There are 2 protein chains.
Amino acid sequence: MKARRATQNDVAQLAGVSQATVSMVLSGERGAIPAETFERISAAARQLGYVPNRFAQALKTSRTMTIACMVPDITNPFYPALMRGIQSVSEAQGYDVIAVNTDGSPERERHFLNWSLQGRVDGVIGVFWTLRAEDFRSVVEGGVPVVRIESARKGTGEIPLDNIYVDSRAGSFAMVRYLIGRGHRRISMIAGRGGPQGVRVDGYSAALTGSGGMPDVVLDDQFNEEGGYRAAQVILQRTERPTAIFAANDLMAIGALQALNDAGVRVPEDIAVAGFDDISAARLVSPPLTTVAQFQHEVGIRAAETLMARLKGKFSGEGTAVEMPFSLIERKST
Amino acid sequence: MKARRATQNDVAQLAGVSQATVSMVLSGERGAIPAETFERISAAARQLGYVPNRFAQALKTSRTMTIACMVPDITNPFYPALMRGIQSVSEAQGYDVIAVNTDGSPERERHFLNWSLQGRVDGVIGVFWTLRAEDFRSVVEGGVPVVRIESARKGTGEIPLDNIYVDSRAGSFAMVRYLIGRGHRRISMIAGRGGPQGVRVDGYSAALTGSGGMPDVVLDDQFNEEGGYRAAQVILQRTERPTAIFAANDLMAIGALQALNDAGVRVPEDIAVAGFDDISAARLVSPPLTTVAQFQHEVGIRAAETLMARLKGKFSGEGTAVEMPFSLIERKST
DNA sequence: CTGTTAGCGCATTCAA
DNA sequence: TTGAATGCGCTAACAG
């Protein structure tokens with residue numbers, strides 16, 4: 001039942017030329033082909049509905065026209081927007097995007113990175129929580145370029161690894177400065193333990209101590225609402241409550257919001273709450289959450305453009321680091 | 001710099017056998033190979049870090065070991081969970097999943113469906129808003145099985161197309177019955193115009209008229225919070241306000257929640273609000289939203305299993321239709 | 001039991 | 001300017 005697709009051979013026969021000529025014409029080598037032949041071949045191809053077989057192509061050229069997008073967890077509301085950004089430019093250049101979830105675990109991150117060396121993809125764009133620059137060496141030197149999405153400027157050593165980052169530390173710093181500007185003096189932070197949120201805590205601490213405040217950080221194992229809920233409960237038991245809570249990400253902030261609500265604490269009147277990421281739920285909760293936006297879509301676009309440039313050999317050597325902007329979104333929770 | 005990967009030839013040489021024998025052994029044909037040779041070849045493969053080239057394989061077998069997951073928009077919080085379900089079973093069977101966004105538009109749905117015929121994927125799992133069974137004929141008959149995720153039992157005609165569906169009409173019916181059970185008599189519905197939400201409105205109307213109520217449906221062009229916000233505003237201007245609003249999806253329900261909040265209407269005391277889908281934000285808003293859950297993850301798993309069965313030739317002919325359960329999630333908004 | 005052979009569809013020499 | 005020939009790495013007959 002499977003209809004055989006037309007091959008270059010079929011086109012060649014119909015056009016009365018050799019397969020090699022068809023190959024030339026269809027790969028756009030206008031150079032030395034008379035317009036008449038060119039037209040005849042194009043017509044034949046169109047008539048037969050010819051579509052190149054990418055696997056034959058890949059076998060011949062070792063280029064797969066596929067890139068991997070590796071994120072910790074696609075159900076985390078932060079990543080889909082990033083993916084769409086990546087897709088929009090990759091697709092336009094004829095690349096397929098395949099998505100993999102690493103769960104942010106060292107084993108899986110390493111596994112898939114290695115897997116990308118096995119000739120399945122031409123390049124990788126990813127958010128890695130546990131791997132360091134050195135871990136990418138074999139892949140990058142094996143000819144598969146990697147673009148990392150990061151939360152801080154990172155050194156790449158001599159490895160030609162490209163980084164796109166939003167300066168989370170600065171974002172965090174700005175948020176705390178903003179809270180201080182609104183009159184808050186006692187600001188507590190809640191964050192996940194052992195994840196990539198360290199720089200956000202750093203920014204918080206720096207801003208606070210810079211203005212004479214005392215950092216107070218509560219960590220929880222979970223990066224999500226549950227973790228935020230628990231952390232906020234801890235804070236509520238303090239003898240001297242803070243006037244503001246800054247969460248390392250929106251999910252935790254939302255959890256905190258619930259904890260405060262359940263405890264009968266009004267937001268923002270009694271305690272202000274701020275988050276980080278601007279996930280879509282941030283503006284849907286009540287009160288809508290003040291947060292730091294990162295423009296995931298644009299980050300994805302930039303990352304894909306960088307990768308495409310590498311793939312086309314537009315530049316090589318030297319890793320790069322490009323900073324993307326963040327923006328403080330003021331809503332009702334502060 | 002690109003290190004050439006070891007091929008079967010390399011393994012064969014190292015093991016002192018022919019390449020064909022290596023192929024046999026490595027594809028698991030234990031049958032007729034002496035343990036000694038088998039061991040020698042495996043050892044050589046391991047030593048060389050041999051990994052099969054999937055493109056050569058694909059070229060030879062016409063099987064790509066890749067499936068396409070086509071959804072309207074991966075940034076819609078409903079789909080990522082579905083995708084993970086699909087991935088978990090596909091990956092386990094050695095298949096890659098590539099994600100495409102159709103935007104729910106006829107052109108793009110058709111485009112990608114057609115594209116899947118071009119030898120790039122072995123099968124398709126998708127949520128289609130505009131295509132009808134007949135549109136899948138060429139693809140399915142071209143040897144690429146398709147599993148549709150639907151919101152109602154659908155006929156497939158004679159086309160061997162598999163459907164996995166949650167009976168949205170019944171879900172909607174159940175929700176309205178529940179509201180009626182809570183004492184509501186005037187229940188309005190808000191929904192998107194021209195999308196796939198018709199069956200939900202049907203269920204609503206059936207339940208309401210069944211108990212002597214009068215359907216009141218407000219449509220908006222947008223399926224999201226904005227649409228829900230506007231629709232709720234319309235309802236608030238009614239001279240006789242309803243006591244409950246049922247939204248065709250959670251995003252619209254959340255928009256309605258905001259409209260009510262902005263208008264100073266208390267939920268659920270003055271007006272109850274219910275949604276549909278149980279997206280993650282549903283339990284994060286205030287008050288948490290009563291809604292109908294669809295277990296996207298399980299639906300994804302089931303869909304992938306169905307596709308895998310088709311791909312392995314476990315069954316053929318006759319399209320199937322499998323119903324998946326829904327569940328009413330009672331929260332504070334009603 | 002194992003080796004030989006013949007392509008899958010294409011890009012790319014090298015000749016003509 | 002075009003055609004013939006080659007091989008990418010693999011699978012699947014078919015021989016031996």
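Naming: A, B, ... by sequence-line order, numbering from 1 per chain. What you see is a predicted model, and the numbers here were worked out from it, not measured in a lab.
Sorted by first and then second residue, the ring-ring contact (aromatic ring centres under 6.0 Å, His included) pairs with a member in residues 82-113 of chain A read A:F112-A:W115; sequence neighbours excluded.
The separation between A:Q13 atom CD and D:dG3 atom C1' is 15 Å, rounded to whole Å. Rounded to a whole Å, the CZ atom of B:F55 is 18 Å from the C1' atom of D:dG7. If you measure from atom CG of A:N53 to atom P of D:dC10, you get 17 Å, rounded to the nearest angstrom. In this structure, CZ of A:R120 is placed 17 Å from P of D:dG9, rounded to the nearest angstrom. Counting to the nearest Å, the P atom of D:dC10 and the CE atom of B:M24 are 15 Å from each other. Summarising the geometry, the separation between CD1 on B:I41 and C1' on C:dT2 is reported as 9 Å, rounded to the nearest angstrom. The CZ-C1' distance, from B:F38 to C:dT2, rounds to 15 Å in whole Å. Computed from coordinates, the B:Q19 CD to C:dG3 C1' distance equals 10 Å when rounded to whole Å.
For D:dG3, one of the phosphate oxygens OP1 or OP2 lies less than 4.0 angstrom from a side-chain nitrogen or oxygen of A:S18. Phosphate proximity of D:dT11 to B:Q8: present, with a side-chain N or O under 4.0 Å from OP1 or OP2. Note on B:S23: a side-chain N or O is less than 4.0 Å away from OP1 or OP2 of D:dT11. The side chain of A:T21 places an N or O atom within less than 4.0 Å of a non-bridging phosphate oxygen (OP1 or OP2) of D:dG3. Remark: A:T7 is not in phosphate contact with C:dG9, judged by side-chain N or O atoms under 4.0 Å from OP1 or OP2. For D:dT2, one of the phosphate oxygens OP1 or OP2 lies less than 4.0 angstrom from a side-chain nitrogen or oxygen of A:T37.
The residue among B:V17 and A:N9 whose nearest nucleotide of DNA chain C lies closer to the 5′ end is B:V17. Between B:L59 and B:A20, the residue whose closest nucleotide on DNA chain D is further toward the 5' end is B:L59.
In this model, a side-chain donor or acceptor of A:K60 finds a partner on the base of D:dG7 within 3.5 Å.
Within the 4.0 angstrom heavy-atom criterion, only backbone atoms of the sugar-phosphate kind lie near B:Q57; the bases stay farther away.
Salt bridge A:D103/B:R84: present, at least one basic N to carboxylate O contact under 4.0 Å.
From B:L311, atom CG reaches atom CD of B:Q93 across 9.0 Å, with rounding to the nearest 0.5 Å.
Without hydrogens or angle criteria, A:D162 side chain to A:T320 main chain gives a donor-acceptor distance under 3.5 Å.
Of all non-hydrogen atoms in B:V146 and B:V139, the two that sit nearest each other are CG2-CG1, 3.9 Å.
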